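Here the structure comes first, spelled out in structure tokens, and everything after it is commentary.
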Amino acid sequence: MCGIVGIVGKSNVNQALYDALTVLQHRGQDAAGIVTSHDGRLFLRKDNGLVRDVFHQRHMQRLVGHMGIGHVRYPTAGSSTSAEAQPFYVNSPYGITLAHNGNLTNVEQLAKEIYESDLRHVNTNSDSEVLLNVFAHELAQRGKLQPTEEDVFAAVIDVHNRCVGGYAVVAMITGYGIVGFRDPHGIRPIVFGQRHTDEGVEYMIASESVSLDVLGFTLIRDLAPGEAVYITEDGKLHTRQCAVAPKLTPCIFEHVYLARPDSIIDGVSVYKARLRMGEKLADKILRERPEHDIDVVIPIPDTSRTAALELANHLGVKFREGFVKNRYIGRTFIMPGQAARKKSVRQKLNAIELEFRGKNVMLVDDSIVRGTTCKQIIQMAREAGAKNVYFCSAAPAVRYPNVYGIDMPSAHELIAHNRTTQDVADLIGADWLIYQDLPDLIEAVGGGKIKIEQFDCAVFDGKYVTGDVDEAYLNKIEQARNDSSKIKTQAVSAIIDLYNN
């Protein structure tokens, strides 16, 4: 769940890249980076932290150039050391920088190939650096002093042939242009657009359409699965399908939780998809509990608000904002360790007592992952005087880990793994619990004007669309992702950073 952006402009793009990253900040709060190109030289600034903390005036002044890329990161598996902040850079060929959203499932095989066959060195544990070296090697194989768009697209074709997983990428070839490409399944989102200035047409590539909107770019379209777009430094746009048998199977969790509601992904409005999720949930409640005694529907800020509003409307029940959110606390979803998550929930949310006292309250959240957050929120509702607390998830039960770029915990840390709905309700302390049905979620997201036939729903049904994920692979990522190993890794990383600084 990282955010990427690339701009080819007619004047300095540093401020535009910064603004785009702030709009994409929800996709990653661990690290941020920008690299620009001017007169054949690169100017880079990246570090751990939020965009506003990483870039100061002195850094922005150095980021000169009419072309550049940016990245906001949160770690999927591994450390949070600043060495893994993106964009990454290799000097050969041409000088290439790359930023990546997603996760490669065959990264171990690729890392071995890069060392033994491509004769390249990878300096971090990041699969993004591996992907960069694969792209750089394939571009170098063209043997050209000056790469053409045909060379760039040929390199992307070879990347698709070698890399497996979910990936959306922007890469800058110093002095030549910016390329963006998407995996053949279209798992992670990526769009491109343009804006007209007095100097000419400028182009932008980004993870979500909202970043184009805010900067005054007009959305052209999403990149198709397997497709690449190449924008030369002088502003010429080229696109090419680079995969043999592409099939759109986007990650449905983007619509549930990851994306901003004002984004449009693969032609589907995230906002409208969440409205439909609320409608489907209301229908299920009326089927299963037609004699419900819900007095008020209260969303858990912020992602669930849209679904909760429509759910309340369909039930004919009052909708109220019962929690006030401290917007200066990061998302608990990405915080390592249960202790840190528990502490942050109390800091992040505070209940408005008058909305709870003596009422039967239906709390609505976008999903239930570990269950830590919702358990505390239910307890807060009871402490505020709620008579009964019911809980509703806009997504089905999350039973399996994500392997395509979302840092969901290992299977055994997922509260719904090998448990019934009643088991989960008992564990989180709800009087009763309603999950969205998977067919209803698919209909809510894919049932609008733009029809999407298939989604990556692996976190709900365990079916991984790339076809290469087995029990052995899941066991490996479980070792990498469980909280205890992650905390150890971050402690070592902190020591390394302290030593290097």
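All values below come from the heavy atoms of this structure, side chains included, with hydrogens, waters and symmetry mates left out. This structure is a prediction, so every number in the text was calculated from the model and none was measured.
Within the structure, salt bridge (charged side-chain N to carboxylate O under 4.0 Å, His left out) contacts touching residues 455-467 (residues at least two apart or in different chains) do not occur. Residue pairs satisfying the salt bridge (charged side-chain N to carboxylate O under 4.0 Å, His left out) criterion with at least one member in residues 305-316, sequence neighbours excluded, are listed as follows: D302-R305, R305-E321. Residue pairs meeting the ring pair (Phe, Tyr, Trp, His ring centres under 6.0 Å) criterion with at least one member in residues 296-322, sequence neighbours excluded, do not occur. Each ring pair (Phe, Tyr, Trp, His ring centres under 6.0 Å) pair with one or both residues in residues 274-312, not counting sequence neighbours, would appear here, but there are none.
Not a single salt bridge (Lys or Arg N to Asp or Glu O under 4.0 Å) links E443 to another residue, sequence neighbours left out. Legend: residues meeting ring-ring contact (aromatic ring centres under 6.0 Å, His included) with F391, ordered by chain and number and at least two apart, are absent. With sequence neighbours excluded, the residues forming a side-chain contact (heavy atoms from CB on, under 4.5 Å) with E355 are I298, R320, I352, K359, listed by chain and number. For the side-chain contact (heavy atoms from CB on, under 4.5 Å) test, residues two or more places apart in sequence or in another chain that qualify with A351 are F323, F356, A384. Not counting sequence neighbours, the partners of S128 by the side-chain contact (heavy atoms from CB on, under 4.5 Å) test are Q86, F88, H100, S126. By the side-chain contact (heavy atoms from CB on, under 4.5 Å) test, V54 pairs with A32, R45, D47, sequence neighbours left out. Taking the ring-ring contact (aromatic ring centres under 6.0 Å, His included) definition, one finds that H417 meets it with H412, sequence neighbours left out.
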Below 3.5 Å, can you tabulate the donor-acceptor pairs from side chains in residues 425-438 to any protein atom, sequence neighbours excluded?
residue	atom	partner	partner atom	Å
D426	OD1	Q422	NE2	2.9
D431	OD2	R382	NH1	3.4
D431	OD2	R382	NH2	3.0
D431	OD2	V389	N	2.7
Q436	NE2	M277	O	3.1
Q436	NE2	A394	O	3.2
D437	OD1	K284	NZ	2.8

